[in-house]
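As a basis for the values below, the full set of heavy atoms in this structure was taken, side chains included, without hydrogen atoms, waters or symmetry mates.
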Amino acid sequence: MIVRNLNAIRKTDQNVRSDGWASARMLLKDDGMGFSFHITTLFAGSELKMHYQNHLESVFILKGTGTIEDLGTGKTHKLEPGVMYALNDHDRHIVRPETDILTACVFNPPVTGKEVHDASGAYPADTAPAREPVPAD
């Protein structure tokens with residue numbers, strides 16, 4: 001069993017910050033779950049252009065408001081608490097937080113924990129095998 005505390009994770013290097021967002025990586029590739037789980041804050045006023053070419057992602061909005069634009073279709077969707085979006089086709093998209101948006105995210109394949117977006121808006125592909133799971137605290 002793995003049990004982790006969000007506030008504790010936020011005080012470690014598993015809390016990754018970049019332009020427009022901060023992500024507490026609660027589960028990572030080396031945990032051996034087959035996915036990674038993140039609590040991510042998207043900061044108000046940012047414009048986050050992303051294209052996960054190597055990962056699928058599902059995002060659930062816990063708090064805050066904004067929009068997500070599907071760059072493939074041009075369609076824009078409202079983001080607010082209770083809304084989930086899934087990037088099931090490596091969708092190119094832009095998230096525009098009106099307020100800080102708190103989310104719970106799942107990535108498949110799992111991330112290693114240090115990733116930030118590259119110039120294309122993607123996380124790099126990780127081809128290394130997972131380590132044996134680390135014992136929980």
Side-chain angles (χ1 to χ4, degrees):
M1 179 181 295
I2 300 170
V3 177
R4 299 207 170 113
N5 180 286
L6 176 60
N7 290 327
I9 293 289
R10 285 185 169 153
K11 295 175 186 173
T12 71
D13 63 355
Q14 283 184 227
N15 192 59
V16 178
R17 295 184 67 92
S18 190
D19 293 335
W21 57 269
S23 183
R25 275 82 189 273
M26 304 293 293
L27 287 173
L28 295 168
K29 179 180 179 178
D30 284 343
D31 292 314
M33 296 288 295
F35 62 90
S36 57
F37 178 74
H38 316 201
I39 300 297
T40 300
T41 302
L42 309 171
F43 300 123
S46 57
E47 183 171 287
L48 305 166
K49 186 175 184 179
M50 296 174 271
H51 181 200
Y52 294 119
Q53 300 166 48
N54 305 303
H55 298 85
L56 299 175
E57 181 190 26
S58 176
V59 178
F60 184 75
I61 311 302
L62 298 165
K63 183 177 178 183
T65 61
T67 61
I68 184 170
E69 180 182 354
D70 180 336
L71 295 176
T73 66
K75 190 168 184 180
T76 298
H77 305 273
K78 181 76 175 159
L79 300 177
E80 59 190 8
V83 170
M84 184 277 308
Y85 65 86
L87 303 167
N88 62 320
D89 197 23
H90 305 284
D91 310 275
R92 292 181 312 112
H93 62 288
I94 301 175
V95 177
R96 296 181 179 98
E98 297 161 355
T99 66
D100 285 358
I101 299 176
L102 182 66
T103 68
C105 312
V106 175
F107 279 84
N108 184 20
V111 302
T112 63
K114 306 298 183 217
E115 292 87 351
V116 293
H117 300 106
D118 65 17
S120 73
Y123 287 153
D126 175 43
T127 57
R131 292 187 334 214
E132 288 296 315
V134 177
D137 298 332

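Taking both residues in full, the closest heavy atoms of Pro110 and Gly34 are given as CD-O, 3.5 Å, listed atom of the first, atom of the second, then distance. The two residues Ser46 and Gly20 come nearest to each other via the heavy atoms OG-O, 3.7 Å.
Residues Phe35 and Met26 share a hydrophobic cluster, clusters being chains of Ile/Leu/Val/Met/Phe/Trp/Tyr side chains in contact below 4.5 Å. No continuous path of hydrophobic side-chain contacts links Leu48 to Leu56 [ILVMFWY only; heavy atoms under 4.5 Å].
In this structure, CG on Leu42 lies 9.0 Å from OG on Ser23, to the nearest 0.5 angstrom. Atoms CG and CD1, on Leu28 and Ile9 in that order, are 8.0 Å from each other to the nearest 0.5 Å. Distance CD/Glu57 to OG1/Thr103: 7.5 Å, rounded to 0.5 Å. Separating the NE2 atom in His93 from the NZ atom in Lys49 is a distance of 11.5 Å, to the nearest 0.5 Å. Remark: Arg17 CZ to Phe43 CZ distance equals 4.0 Å, nearest 0.5 Å. Distance check, rounded to the nearest 0.5 Å: CD1 of Ile94 to NE2 of His51 gives 12.5 Å.
More than 12 heavy-atom neighbours from other residues, nucleotides or ligands sit within 6.0 angstrom of CG on Asn88.
Between Arg25 and Val16 the shortest side-chain heavy-atom distance falls below 4.5 Å. Put simply, the side chain of His55 does not reach to within 4.5 Å of the side chain of Leu87, judged on heavy atoms. Residues Ile2 and Phe37 form no side-chain contact, since every pair of their non-hydrogen atoms from C-beta on lies 4.5 Å or further apart.
Asn5 contributes a side-chain N or O that, together with a main-chain N or O of Asn7, makes up a donor-acceptor pair within less than 3.5 Å. A distance-only check finds no donor-acceptor pair linking the side chain of His38 to the backbone of Ala24 [under 3.5 Å].
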For residues 58-73, please give each side-chain donor-acceptor pair under 3.5 Å, one per line with the distance, not counting sequence neighbours.
residue : atom : partner : partner atom : Å
Thr65   : OG1  : Glu98   : OE1          : 3.2
Glu69   : OE1  : Arg96   : NH1          : 2.8
Glu69   : OE1  : Arg96   : NH2          : 3.1
Asp70   : OD1  : Gly72   : N            : 2.8
Asp70   : OD1  : Thr73   : N            : 3.3
Thr73   : OG1  : Lys75   : N            : 3.1

message = One pair to check against side chain to side chain contact (heavy atoms under 4.5 Å, CB included): Val83 and Lys78. What are the steps and the verdict?
response = CA-CA 8 Å; Val83 170; Lys78 181 76 175 159; over 6 Å; no

